[in-house]
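Reviewing the structure listed below.
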Amino acid sequence: MKFRTRAIHVGNEPDPATGAVVTPIHLATTFIQPGAGVWGQFDYSRSGSPTRSAVERTLADLEGAAGALAFSSGMAATHCATMLLKSGDHVVAGCDIYGGTYRLLHKICNRSGIEVTLASADDADQIQAAMRPNTKMVWIESIGNPMMTIPDIPAIAEIAHAGGALLGVDSTFAPPAILRPLELGADIVMHSATKYLGGHSDCLSGVLAARDIELHKQLYFIQNATGGVLGALESFLLQRGIKTLELRMREQCQSALAIAHWLEQHPQVTRVLYPGLTSHTHHDRARKFMGSQFGAMISFEINGDFAKTKCVCQSTKLFGLAVSLGAVESLIEQPASMSHASYDSQAKAKFGITDSLIRISVGLEDAQDLIADLDQAIRTSV
Amino acid sequence: MENATIVDQNNTATQNNTATPSGMDSKPKKSDSRAGLSTTSVHAGEARRKPSDAVTDSICCSSTFTFESTQSIIDYIQQKQDREEYGRYGNPNEKVVERKLAAMESTDEAIVYSSGMAAIVGLLMAKLSAGDEIVIFDQCYHRSREFCSKHLSRFGIVTHQVKTGDFQAMDAAINSRTKLLISESPTNPHLSVIDLEQFVALGKSRQVETLIDATLATPYNVRPIEYGVDYVWHSATKYMGGHNDLLAGVICGSKEKLVDVRKLRGILGGINSPHNMYLLERGLKTFALRMERHNENGQRVAEFLESHPRIEKVYYPGLKSHPSHEVAKRTMKGFGGLITFLVRDADWKETGAIIDACTIPRIAPSLGGVESLIEQPFVMSYFDYSPEDRERFGISDNMIRLACGIEDSTDLIADLRQALEV
């Protein structure tokens, strides 16, 4: 069956108790057991609950994984993955990873004696150069933020595996409707499901999906032991969101491409970073991995200083001024003052976070309406 | 952004382009509701700036709402300002959805109910009194007809049922006591599409108001209000909610005509809940995407069925063979996901066997959700009817109704193909 059909039906089998077409929201925290010392399918909801288990089956199927786990947030999912490591292990991570992951690796994992080296994920040679004998995990993002770089996942998987390390890919920017890292050689795919998977800005959640059943079991052991599980209401909302994932991605990617083309022609726009543009450094790679859908995140620079750029972000009427991404509502932000404000000026320069950079998350509104909105905001400000 | 209602920070609804309902008095035009509809369904009706600066609306479960002082109650009563009072009169989640639905339907008012039936009952109870008469086409939803003939009659209201699409018969049934003309379009399960121009022209010439049940059409495919219909009714449980997980109904129309309807709802209490309203609001955000796919799946699956040797007949307005095809093409953007078809030389059990052999559509009543549903009208809705009555309503033993969801159409076709081979 095709992706969209599976997104609707796998993990959403009719409820055996009532025939309900939609998975019921089971709020029960504990379950009656068949006998003392005899365990039923569910016992205590941290260890598993019917609603969460349903969405986990959907996610595993869509990622082509042996199993998937749903967490209370993307960070809870990433943290679970890092708990596979032990003192003395080394991690190679992309240098443009999400700030929260950076903080986790450098401020939390380090306390357990885990070392981290950052390397440019879009250059597999740099990942290779950072590998050490004790490297146990390589962690990258399938689309780099905010420069929209595309790493060569199969090449990095080969490097990681040759060195005896696992490859984990945070694919939040490229959900399974457009990219499936496990098919490209990754061992674990992670999502902040708060973004495209949930899709409606109303459900904080995270996902880990593993290619191998033994790895899945290890991750489940950690999840159960540490408890960062997704609640039943959020599991329901996440599963509901996933039913329209393919439609939303198709529409959002199409709008993003149209907007990127329009921005590229705009006299006040000096640079557009979108993997779907032939001008993008990694366009060929993006085409190879993602076909014709390149995500819905665009970064661009305007012909203006910090203040003018800030003004553009504050002048839109449809794009909401907020961080986060991936939902039906379009959002706009200035990385220099918002998502990447914590970077010092040296780091900003190194990673291309200029004062005139703007990042947009393209939602489900009509593309023409979004273009008109950006146009008026740029006109007003520049 | 056509016809969108954006609500400013003070929560005051301001209408864009809806002051003159788009040339309503001139020649009715085919609605291009796709343009900007996605923007409308994502944003319309919502406050741009919400409490706590949240991007999405919060679920406000409060059953009652506090006043600062005795004086503030008096101010509320005297100024009739728009605020909440007691949950039966409305709640914040419902108001957002009502504004969004009104914007999508190009009306200035929408009233939401706990189910589609609660909505139509709410409207009829508000508009009709003993001695009044109504005329209804005979392919309308059987529960609506049942309410009119069995229950309105107890209050001294007379219902005339006439053959669907027979405007002469409808005209003949109108007299000085007639208050309302009712039709569904498209109808269920025969998918007859009503010529809205003729329907409205008849109502206007005889000075009788008109009501269309547009549940199967949705504002994506047609906006009856643009043709001059007075009231548009939806079971929002179907395409509007779209996920088979909530019940809701809505009546759309002008504010003026719906004042008494809203007041009566406050008395009868068929209001919807904040939780449901949040799910409906969330469902509406992907409305345009879903409808595009329902339309595509409906057309493709109908074409497949029509070409299949085991199929005797397919009812789908997008097929040239359908009697309503010309009217549908003129008035509708697409034809939805519902398809009815007859299996050649099959009795009711053989027909049921095909349904049982399907693996993707679930056997269930209802339609319009992301999951495809399939049923045999004879078994599901008309099992207790006499064979004569079934024949009168055109419900044959070999009839199957398929509500296409938004799955991939090739999967649906492959599944039906194997089911027809069983």
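Letters go in sequence order (proteins before strands), and every chain restarts at 1.
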- Query: Taking every heavy-atom pair that is under 4.5 Å apart, which of A:I8, A:V328, A:L331 has the most such pairs with chain B?
  - Reply: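 Of A:I8, A:V328, A:L331, A:I8 has the most heavy-atom pairs under 4.5 Å with chain B.
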- One option among A:Q368, A:H200, A:R250 has the most heavy-atom pairs under 4.5 Å with chain B, and it is A:H200
- Query: Are a donor atom and an acceptor atom from the side chains of B:E407 and A:H9 found within less than 3.5 Å of each other?
  - Reply: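 Looking only at side-chain atoms, A:H9 and B:E407 do form a donor-acceptor pair, the distance falling under 3.5 Å.
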[X] side chain vs [Y] backbone, donor-acceptor pair below 3.5 Å:
X: A:R4; Y: B:S409; value: no
X: A:R248; Y: B:L289; value: no
X: B:T39; Y: A:D366; value: yes

Under 4.5 Å from any heavy atom of chain B - which part of [X]:
X: A:R6; result: neither
X: A:E13; result: backbone
X: A:F236; result: side chain

- Item | salt bridge (Lys or Arg N to Asp or Glu O under 4.0 Å), paired with B:K285, selected from A:E365, A:E329, A:E251 |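 For B:K285, the salt bridge (Lys or Arg N to Asp or Glu O under 4.0 Å) test succeeds with only one of A:E365, A:E329, A:E251, which is A:E329.
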- Given the options B:V55, B:N244, B:I406, which has more heavy-atom pairs under 4.5 Å with chain A than any of the others?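 Heavy-atom pairs under 4.5 Å are most numerous for B:I406.
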Heavy-atom closest contact ([X] atom, [Y] atom, distance):
X: A:K2; Y: B:D411; value: N-OD2, 2.7 Å
X: A:T5; Y: B:D408; value: OG1-N, 3.0 Å
X: B:R362; Y: A:P14; value: CD-CG, 3.6 Å

- Task: Compare all side-chain heavy atoms of A:T244 with those of B:H243 and state whether any distance is below 4.5 angstrom.
- Result: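 Side chain of A:T244 against side chain of B:H243, heavy atoms only: contact under 4.5 Å found.
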Using non-hydrogen atoms only, which part of [X] is less than 4.5 Å away from chain A: side chain, backbone, both, or neither?
X: B:V370; answer: both
X: B:L412; answer: neither
X: B:L279; answer: both
X: B:T410; answer: side chain

From [atom1] ([X]) to [atom2] ([Y]), nearest 0.5 Å:
X: B:H43; Y: A:D369; atom1: NE2; atom2: CG; answer: 9.0 Å
X: A:K243; Y: B:R290; atom1: NZ; atom2: CZ; answer: 11.5 Å
X: B:Y278; Y: A:L237; atom1: OH; atom2: CG; answer: 7.0 Å

- By side-chain contact (heavy atoms from CB on, under 4.5 Å), A:A77 pairs with (sequence neighbours left out) A:F71, A:M190, A:L208
- Query: Should we say atom NZ of A:K310 is surrounded by more than 12 heavy atoms from elsewhere, each under 6.0 Å from it?
  - Reply: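 No, because the 6.0 Å sphere around NZ of A:K310 holds 12 heavy atoms or fewer from other groups.
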- A:D202: salt bridge (Lys or Arg N to Asp or Glu O under 4.0 Å) partners, not counting sequence neighbours: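 Salt bridge (Lys or Arg N to Asp or Glu O under 4.0 Å) list for A:D202, sorted by chain: B:R282.
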